[in-house]
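Heads up: numbering here begins at 1 and tracks the sequence.
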Amino acid sequence: MKKLKFILAVLLCFSLFVGCSKQIDREDMIATVGGKAISKSEYMLYLYEATRDFNEIGGNDIWETDFDGQSAEDVVKERAFTTMLHIKVTADKASRYKVSLSEEDKAVAQMRGEAELASMTEEQKNIVSLSEEDVYKIMEDTLLYQKVIEAVTKDYHVSEADFNAYFEQNKEIQRKAYTEYTISAISVTDQQAAQEVFQRFTEGEDFQTLFQTYETNPQQKQTGGVVTTYKSRLDSSFDRDFDFEEGEITEPISIEGCYVVIRIDKKSIPDDTALKELMRSEYTSSIKQQAFTDELNQWLADIEIERNEAVWNTIEMIP
């Protein structure tokens, strides 16, 4: 259940896109927003991104999950569609807030577009069926969307009294979440090798020697197996309460087809001063996001949105 809630939360934060304004035939129009047509091809890029994120979060098994009576496929399709609408409506407000992109922003957008295209197979590119220029424009509007949010919320000030009340009520829970761990990890593909690593760790063998002998993940080898992060992220990554002390070694942990042995190199619990700054940043972002959401909901209420059900019913998942 914990993992499911995390997945649903992340679905609310998928990468966001907005597309082009060329003439679109009714047969390829998936929706209109304020009289402006959105093509099926545009939507398929949203769906591609949503599907990829969903796979990264939950793995292949997630597609068998029931989400309160909805299939995983239906959840992803609807979330991609809702995201698309939100971006369309927000993008139309850019001029109101005097928001535009610099040449540097456009260069960043093109790099992101190139990376997006590079991540696709030829089959996926054919299904999405957008030109390079269309993809670059979509990435530009991703940046534009972010700038509109900043513009809408830039003058919003958090109440110090409200934040202090929030801090006092939540500080002990958040102190655990923001406990910082520096860990050394070795991942292997079978349980027997993991037990060997654990045993040799326990007997005091040098971590880097064992790492070079056993580590199987090329990306992990680039980092030397050392990671510094917060407890909350470790809880999510390993789907457990990561509550260990400095110097401890974990039993092999099974995760996504491999086994990981972890040594706790350092554990740092934040004092009230450090914790307050961490929580202030999170609280301010949350309050600003809510302020933007309230504004967005009003924009949505004021605009006509129509989905072309005939085209919608032809949508299939991207392999």
Side-chain angles (χ1 to χ4, degrees), residues 10-24 28-53 76-120 124-125 127-154 285 288-289 291-300 302-308 311-312 315 318:
V10 172
L11 279 173
L12 297 176
C13 303
F14 276 146
S15 298
L16 303 176
F17 305 112
V18 64
C20 311
S21 58
K22 59 187 178 184
Q23 289 295 111
I24 301 169
D28 189 46
M29 183 178 69
I30 199 166
T32 58
V33 179
K36 296 180 180 179
I38 306 172
S39 73
K40 178 181 176 180
S41 293
E42 287 185 57
Y43 171 75
M44 295 307 290
L45 187 57
Y46 288 85
L47 184 60
Y48 166 75
E49 183 73 13
T51 302
R52 186 179 65 178
D53 288 350
V76 172
K77 287 178 182 178
E78 290 290 350
R79 179 52 55 192
F81 188 81
T82 299
T83 295
M84 183 176 67
L85 297 183
H86 288 182
I87 296 309
K88 286 291 185 182
V89 172
T90 301
D92 280 345
K93 306 299 178 182
S95 59
R96 174 191 294 186
Y97 291 95
K98 298 181 174 59
V99 169
S100 61
L101 299 181
S102 67
E103 290 304 313
E104 183 179 354
D105 291 330
K106 292 177 181 180
V108 169
Q110 182 167 337
M111 289 176 58
R112 291 182 180 179
E114 290 169 353
E116 185 82 348
L117 290 167
S119 73
M120 295 181 181
Q124 289 167 339
K125 290 178 185 177
I127 291 171
V128 172
S129 189
L130 287 173
S131 69
E132 289 183 357
E133 289 72 20
D134 287 340
V135 174
Y136 299 158
K137 178 62 167 65
I138 287 168
M139 295 301 170
E140 286 182 8
D141 286 328
T142 304
L143 295 178
L144 188 64
Y145 167 84
Q146 295 164 350
K147 286 178 175 287
V148 170
I149 293 179
E150 292 169 3
V152 170
T153 61
K154 68 181 178 65
S285 295
K288 284 190 173 184
Q289 181 59 49
F292 172 73
T293 298
D294 291 343
E295 190 73 11
L296 173 61
N297 286 338
Q298 186 59 56
W299 295 342
L300 291 168
D302 292 340
I303 198 167
E304 184 177 356
I305 298 169
E306 179 184 2
R307 184 159 76 185
N308 185 347
V311 173
W312 175 255
I315 298 297
I318 299 175

Step by step, work out the side-chain hydrogen bond (donor to acceptor under 3.5 Å, both in side chains) result for Glu150 and Gln146. CA-CA 6 Å; Glu150 292 169 3; Gln146 295 164 350; over 6 Å; no
What verdict does the side-chain hydrogen bond (donor to acceptor under 3.5 Å, both in side chains) test give for Gln298 and Asp294, after you've listed the backbone C-alpha separation in whole Å, the side-chain angles of each residue and the deciding distance to 0.1 Å? CA-CA 7 Å; Gln298 186 59 56; Asp294 291 343; over 6 Å; no
Assess the residue pair Val33 and Met84 against the criterion (side chain to side chain contact (heavy atoms under 4.5 Å, CB included)); give the C-alpha distance rounded to whole Å, side-chain angles, the decisive distance to 0.1 Å, and a yes or no. CA-CA 10 Å; Val33 179; Met84 183 176 67; over 6 Å; no
Give the C-alpha distance, both sets of side-chain angles, the deciding distance and a yes or no for side chain to side chain contact (heavy atoms under 4.5 Å, CB included) between Lys147 and Leu101. CA-CA 9 Å; Lys147 286 178 175 287; Leu101 299 181; 3.7 Å; yes
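At a threshold of 4.5 Å between non-hydrogen side-chain atoms, the residues Val152 and Lys288 do not count as touching. Leu144 places none of its side-chain heavy atoms less than 4.5 Å from the side chain of Thr90. Side-chain contact between Thr83 and Glu49 is absent, with no heavy atoms from C-beta onward closer than 4.5 Å. Considering only heavy atoms from C-beta on, Leu45 comes within 4.5 Å of Met120 through its side chain. Looking at heavy atoms from C-beta onward, Lys40 lies out of side-chain contact with Met29 at the 4.5 angstrom threshold. Put simply, the side chain of Lys88 reaches to within 4.5 Å of the side chain of Glu42, judged on heavy atoms. Between Val311 and Asp28, the closest side-chain pair of non-hydrogen atoms is not below 4.5 Å. At least one side-chain heavy atom of Gln110 sits less than 4.5 Å from a side-chain heavy atom of Glu114.
One side chain, Ser119 or Tyr48, offers a donor N or O that lies under 3.5 Å from an acceptor on the other.
Residues Ala151 and Val99 approach most closely at CB-CG2, 3.8 Å, considering heavy atoms. In plain terms, the two heavy atoms of Lys36 and Asp92 that are nearest each other are NZ-OD1, 3.2 Å. Here the shortest heavy-atom pairing between Arg52 and Glu116 reads NH2-OE1, 3.3 Å.
The backbone N or O of Lys125 lies less than 3.5 Å from no partner atom in the side chain of Ser129, so there is not a single donor-acceptor pair. Under a 3.5 Å cut-off, the side chain of Thr32 and the backbone N or O of Gly35 do not form any donor-acceptor pair. Although no hydrogens or angles enter the test, the distance criterion places no donor-acceptor pair under 3.5 Å between the side chain of Tyr43 and the main chain of Trp312. In this structure, Lys77 contributes its side chain and Ile315 its backbone to a donor-acceptor pair below 3.5 Å.
For residues 93-104, the salt bridge (Lys or Arg N to Asp or Glu O under 4.0 Å) pairs, not counting sequence neighbours, are Glu103-Lys106.
A tilted orientation is assigned to the rings of Trp299 and Tyr97, their planes being inclined by 30° to 60°.
One finds the CD1 atom of Ile87 at 9.0 Å from the CG atom of Asp141 (value rounded to the nearest 0.5 Å).
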